[in-house]
Amino acid sequence: MDESGHPGMHALNSVHQPSQHRSDGGESGLEGTENGHETRRDIGDILQQIMTITDQSLDEAQAKKHALNCHRMKPALFSVLCEIKEKTGLSMRNTQEEEPQDPQLVRLDNMLLAEGVAGPEKGGGAAAAVSAATSSGGMSPDSSLEHSDYKSKLSQIRSIYHTELEKYEQACTEFTTHVMNLLREQSRTRPVTPREIERMVAIIHRKFSSIQTQLKQSTCEAVMILRSRFLDARRKRRNFSKQATEVLNEYFYSHLSNPYPSEEAKEELAKQCGITVSQVSNWFGNKRIRYKKNIGKFQEEANLYAMKTALGARQGDDSPHTPNSTGIGRQ
DNA sequence: TACCATGATTTGGA
DNA sequence: TCCAAATCATGGTA
C-alpha cells in the first residue's frame, strides 16, 4: 500500500518536505528544516517534554502545557496522532456501530403507543379496553365506576412513565454534554478525534437507552396487570335491571312465533335496556333455549306478557307488538 | 351453604 | 356470521 497516499501522511510530509508548501521562508511553520535531522530533534524534544511533564509542579506543568500547545509542530503532530488513532481504533469499533433497532424495544414502543401511555394523550388504551369489553358484551352502567378507575390508574401509569422518561432524557443530555466538554478539554492535550467523541456519545446513548427499555418494560407490565384486572372484572355477571328484563321479555313473548330480533331491533332493545347488542343477542339465545326446554315453566310468564301486550294494544292502536304465538320457530 | 336463576362463553353446524 | 346447545361462573335467596 502506498502510505504517502494516506491523508495522515500529508501532515508528516509537510514536516519532511516543507519547501513544497512554504517557499516564502516565513516565521511560523517549518522554516529552517532543511533536512530531517532538525525535524526529528524537534519531535524528540516535544516527546521528552511530554514525558517529564508529570514530574513537574502544577504551575510548571501548566506553563509547559501552554508552551506545548503553542509549539509550531503541535498541529502537525496532533493531526498525525489523530489519524493513527482513528485508523487503529476503527477496525476494532466498527462492529459495534450501526446496531439494528432492538425488536423488543419496537414491540414495547408499539404497545405503549397502543395503550395510550406513550404518544399523545387520548382515549387510547382505556378506550380500547372498554371497546374490547363492550364488543364482547360486558359493559353495564354499573361498570362505569370500574371504567373510571381503570382510566385514572392508566393515567397514573402514564404520568409516572413520562416523568421518569423525562428524568432519564435530562440525565442523558447532561451526562453527554459533560463528557463532550471533558473530551473537548482533553483534546487540547491528547489526540481526541471528533469521531471518537461521536462514538462516546453513541455509547452513552446506548446505555441510557437500555435503562429506558427497562422503564418501558415495567410500564408495559403495569398496564398488562391493570388491563387483566379490568377485563376480569367485566366477566363478573351482573343481572340486568328489572325494567330491562321486562322490555326483553315483552319483545320475546310478543314475537314468540319468531323470537329472532333483527339487527335494528336488537339495537333498539339495547338502547332501551341500557345494555349492548351482544348482551341482547346473548339474552335471546339463552331465552329461546330455556323456553324451549321448559315451556311449562315459562307458561305463566308467557301469559302475563301476553296479557300486558293485549292491554297495550287496546290502549293504543299503533302498538308495536305483533300477534302472539306459542311455538318457537325461525321464519 | 346449597340450590336455582341468569348472563357469558365455548363448541359445532349450517 | 348466526344460531343451538352445552357449559361455566356468579348472583340471589331460602
Side-chain angles (χ1 to χ4, degrees), chain A residues 111 114-116 123-154 220-221 223-312 320-331:
Chain A
M111 188 190 156
E115 292 295 335
V130 171
S131 109
T134 49
S135 68
S136 59
M139 277 283 283
S140 71
D142 293 340
S143 62
S144 61
L145 268 177
E146 285 162 9
H147 179 203
S148 65
D149 191 39
Y150 177 88
K151 277 211 308 198
S152 79
K153 290 213 166 85
L154 191 76
C220 277
E221 279 167 14
V223 172
M224 290 308 283
I225 290 165
L226 180 66
R227 208 187 156 109
S228 71
R229 273 187 198 156
F230 176 75
L231 292 177
D232 281 350
R234 102 193 138 84
R235 207 185 150 82
K236 274 189 177 178
R237 189 175 65 78
R238 294 261 158 78
N239 289 343
F240 297 156
S241 68
K242 208 176 165 188
Q243 191 213 343
T245 313
E246 223 158 274
V247 170
L248 293 167
N249 271 319
E250 265 180 41
Y251 188 98
F252 180 80
Y253 288 111
S254 62
H255 295 78
L256 207 50
S257 59
N258 185 38
Y260 299 89
S262 64
E263 201 56 33
E264 291 78 29
K266 280 183 196 171
E267 279 170 18
E268 182 57 35
L269 286 167
K271 207 156 56 172
Q272 281 182 43
C273 300
I275 57 177
T276 66
V277 172
S278 303
Q279 284 176 302
V280 172
S281 298
N282 285 340
W283 189 91
F284 273 89
N286 286 323
K287 191 73 184 181
R288 278 192 299 266
I289 195 87
R290 283 162 189 165
Y291 178 84
K292 206 165 113 179
K293 268 186 176 174
N294 200 344
I295 294 176
K297 194 183 113 187
F298 287 97
Q299 198 56 58
E300 201 181 328
E301 193 178 65
N303 291 338
L304 191 80
Y305 281 100
M307 221 154 74
K308 261 189 173 181
T309 308
L311 228 85
H321 305 303
T322 57
N324 207 344
S325 167
T326 48
I328 282 181
R330 296 185 73 175
Q331 288 179 340

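Numbered from 1 within each chain, the chains take letters A, B, ... in sequence-line order. Worth knowing before you read on, the calculation uses all heavy atoms, side chains too, and leaves out hydrogens, waters and symmetry mates.
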Practice problem: Give a yes or no on whether a donor-acceptor pair under 3.5 Å exists between the nucleobase atoms of B:dA8, that is its base, and the side chain of A:N286. | Solution: yes
Quiz item: When the distance from CH2 of A:W283 to P of B:dA5 is rounded to whole Å, what number comes out?
Solution: 15 Å
Quiz item: Could you state the CD1-P distance from A:I289 to B:dG12, rounded to the nearest angstrom?
Solution: 16 Å
Exercise. Can you tell me the distance, in whole Å, between the CG atom of A:N239 and the C1' atom of C:dG11?
Key: 6 Å
Quiz item: Separation of A:F240 atom CZ from C:dG11 atom P, in whole Å?
Solution: 14 Å
Quiz prompt | A:N249 and A:E301, any side-chain heavy atoms less than 4.5 Å apart | solution = yes
Quiz item: Can you list the residues that meet the side chain to side chain donor-acceptor pair (under 3.5 Å) rule with A:E267, with sequence neighbours excluded?
Solution: none
Exercise. Considering just the side-chain nitrogens and oxygens of A:K266, establish if one lies under 4.0 Å of OP1 or OP2 belonging to C:dC3.
Key: yes
Exercise. Check every atom of B:dG7, B:dT9, C:dC2 against the side chain of A:N282 and return the nucleotide holding the closest atom.
Key: B:dT9
Quiz item: Is the distance from OP1 or OP2 of C:dA6 to the nearest side-chain N or O of A:K293 less than 4.0 Å?
Solution: yes
Quiz item: Roughly, in whole Å, what's the span from NZ in A:K287 to P in C:dA5?
Solution: 16 Å
Quiz item: Under 4.0 Å: is that the gap between some side-chain N or O of A:Q279 and OP1 or OP2 of B:dA8?
Solution: yes
Quiz item: Does C:dA5 have OP1 or OP2 sitting under 4.0 Å from an N or O in the side chain of A:K292?
Solution: yes
Self-check item: d(CZ, A:F284; P, C:dC3) in whole Å
Solution: 11 Å
Quiz item: To the nearest angstrom, how far is A:N294 atom CG from B:dC4 atom C1'?
Solution: 13 Å
Quiz item: At under 4.0 Å, does any side-chain N or O of A:K297 touch on OP1 or OP2 of B:dA5?
Solution: yes
Exercise. Tell me whether the OP1 or OP2 atom of C:dA4 has a side-chain N or O from A:Y260 closer than 4.0 Å.
Key: yes
Self-check item: Donor-acceptor contact below 3.5 Å, side chain A:Q279 vs main chain A:T276
Solution: yes
Practice problem: With sequence neighbours left out, write down each residue that passes side chain to side chain contact (heavy atoms under 4.5 Å, CB included) with A:A265, or none if nothing qualifies. | Solution: A:Y251, A:P261, A:S262
Practice problem: Output yes when at least one side-chain N/O atom of A:R288 is less than 4.0 Å from OP1 or OP2 of C:dA4, else no. | Solution: yes
Quiz item: According to the interplanar angle, ranging from 0 to 90°, do the rings of A:F298 and A:Y291 count as parallel (below 30°), tilted (30 to 60°) or perpendicular (above 60°)?
Solution: tilted
Quiz item: Taking NZ from A:K242 and C1' from B:dG7, how many angstroms apart are they, rounded to a whole number?
Solution: 19 Å
